[in-house]
Protein chains: 2
Amino acid sequence: MRSTDDRSTVARIRDAAITEFAANGVDGTSIRTIATAAGVSPGLVIHHFGSKDELRVACDEYVAGIIRDVKGGAMASGGAFDVTAAFRTVGEIPAAKYLARTLVDGSPHVAELVDEIVTDAMKYVATGVETGMIKPTEHEWERAAILTIWGLGSLVLHEHLERLIGVDITSDFSADPKATSAYMAPILEIYSNGFLTETTVQILRAAFVDAATEAEKEST
Amino acid sequence: MRSTDDRSTVARIRDAAITEFAANGVDGTSIRTIATAAGVSPGLVIHHFGSKDELRVACDEYVAGIIRDVKGGAMASGGAFDVTAAFRTVGEIPAAKYLARTLVDGSPHVAELVDEIVTDAMKYVATGVETGMIKPTEHEWERAAILTIWGLGSLVLHEHLERLIGVDITSDFSADPKATSAYMAPILEIYSNGFLTETTVQILRAAFVDAATEAEKEST
DNA sequence: TCATCTGTTGAACGCATGTTCAATATTCTA
DNA sequence: TAGAATATTGAACATGCGTTCAACAGATGA
């Protein structure tokens with residue numbers, strides 16, 4: 001069903017599309033560009049995927065699959081509270097950069113994937129609370145959601161982060177110890193001790209949460 | 001120099017462009033759409049701004065100006081560690097949505113603005129450390145950068161955040177106490193106490209930072 | 001061997017886009 | 001008020017896009 005080559009033609013087109021979409025966005029990538037990158041004709045892209053939109057959906061699903069695999073493998077390694085860590089440990093297709101692009105332009109598949117990630121994070125955190133590795137909270141779901149959004153948001157803004165602290169979190173920087181400490185050390189600091197003193201929190205809580213405390217009976 | 005209407009034509013075009021760019025992205029917005037929204041002809045848009053790209057730059061600069069103003073005003077109010085809070089307190093919602101869109105597609109003006117925000121955050125944090133409101137750290141710049149990225153990343157992913165916890169942080173949710181507690185309470189919790197226990201941090205620090213500790217002499 | 005089907009091509013079509021331009025309306029200046 | 005400068009229009013143009021389609025190549029199966 002395929003030639004003696006590396007990947008099948010369909011796979012080559014899909015991979016080229018993922019790379020181009022990740023680099024220049026969906027709107028910024030033409031079918032002709034993808035076809036050239038895959039070494040085929042524009043017509044063949046349509047023939048195999050039906051339309052640019054369906055190609056994009058295929059990419060979404062494929063990348064989502066990769067991420068699910070990677071995430072499953074990383075769950076046990078202890079890095080599950082930082083989604084981006086999972087990508088760095090594996091040398092996958094530019095799935096991380098693709099996700100960083102598509103997280104913003106609202107595909108339903110990506111939304112589904114984000115929901116899954118948060119759900120998994122919740123489970124992971126719940127286990128961590130039981131084993132005494134993670135502090136309990138009244139807002140489990142919201143905390144998991146916010147931590148996930150922070151991780152994914154950092155992924156989306158990886159270019160800014162790289163410019164700011166010299167670490168590209170879409171690549172595997174475990175080889176560079178200076179980068180590891182620049183990125184991981186402050187995060188671990190905040191994740192364990194925070195950065196606001198008790199006085200400050202009381203002031204801020206009074207300002208923001210105070211009127212809401214009695215309405216806090218039902219969460220989601 | 002202008003009609004008896006509200007704003008000048010140039011301002012009306014610029015504002016329409018900001019709104020449309022924010023809603024559908026730069027690539028997803030045609031000059032004709034902007035012209036229609038502003039109630040003018042396509043040719044006039046080009047006549048006033050030269051090209052779509054120059055119009056986009058004008059929007060970048062204008063929004064950056066708004067944000068600088070808003071930020072200056074919010075510095076004193078205590079919400080400076082959360083950039084998005086500044087937008088909500090002022091009524092500059094389209095600016096927030098515009099920033100959320102353009103943070104991803106790498107305009108130099110936005111990069112400049114992000115750098116400014118981090119620099120300001122650093123100053124603010126340094127002051128907070130002196131007055132005992134913020135805990136000191138060895139990685140001041142990196143911590144300020146990461147906190148800023150978390151805030152901006154949440155802004156960029158506001159649609160996901162809204163789907164996840166029901167709070168739209170690009171709108172003023174101060175009227176809704178439940179939303180305030182869903183969003184602010186977990187953040188304040190993490191910002192003050194973190195969520196990892198000391199045991200966990202030691203394990204993670206050993207795994208990620210250990211080999212880097214001696215190379216940690218110079219930061220930025 | 002012949003017919004059939006799938007993989008593949010590349011020219012062509014229709015459309016939306018950014019931009020140009022000559023023409024017209026309006027405002028400003030003196 | 002006359003003339004110049006500016007604001008504004010809308011048709012037209014060139015380009016690049018997603019997609020279609022007739023044609024061909026190569027494999028498959030009877």
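By convention in this document, chain letters (A, B, ...) are assigned in the order of the sequence lines, proteins followed by strands, and residues within each chain are numbered from 1.
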List the atom pairs, donor and acceptor, that lie under 3.5 Å between side-chain atoms in residues 16-29 of chain B and the rest of the protein, sequence neighbours left out.
from: B:Thr19; atom 1: OG1; to: B:Asp15; atom 2: O; distance (Å): 3.0
from: B:Thr29; atom 1: OG1; to: B:Glu20; atom 2: O; distance (Å): 3.2
from: B:Thr29; atom 1: OG1; to: B:Gly25; atom 2: O; distance (Å): 2.7

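With axes fitted over five pairs at each extremity, the angle between the ends of the helix from C:dT1-D:dA30 to C:dA30-D:dT1 is 10° (10° resolution).
Under the salt bridge (Lys or Arg N to Asp or Glu O under 4.0 Å) criterion, B:Arg101 pairs with no residue, sequence neighbours left out. Evaluation of the side-chain contact (heavy atoms from CB on, under 4.5 Å) rule for A:Val129 yields A:Val125, A:Ile134, A:Pro136, A:Arg143 as partners, not counting sequence neighbours. Under the side-chain contact (heavy atoms from CB on, under 4.5 Å) criterion, A:Ser41 pairs with A:Leu44, sequence neighbours left out. Remark: B:Glu116 pairs with B:Arg68 by the salt bridge (Lys or Arg N to Asp or Glu O under 4.0 Å) rule, at least two apart or across chains. By the side-chain contact (heavy atoms from CB on, under 4.5 Å) test, A:Val167 is found to be paired with A:Ile165, A:Ile169, A:Phe173, A:Ala179, A:Ala182, A:Tyr183, residues two or more places apart in sequence or in another chain being considered. The salt bridge (Lys or Arg N to Asp or Glu O under 4.0 Å) test applied to B:Arg163 returns A:Asp115, not counting sequence neighbours.
In this structure the side chain of B:Val110 never reaches within 4.5 angstrom of the side chain of B:Val63, judged on heavy atoms.
Remark: C1' of D:dG18 and CD1 of A:Ile34 are 11 Å apart, rounded to the nearest angstrom.
Not one side-chain nitrogen or oxygen of A:Thr9 sits closer than 4.0 Å to the OP1 or OP2 atom of C:dG7.
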Per-nucleotide protein contact string for nucleotides 9-19 of chain C, where B marks a base within reach and S marks sugar-phosphate only (heavy atoms under 4.0 Å, - for neither): BB-B----BBB
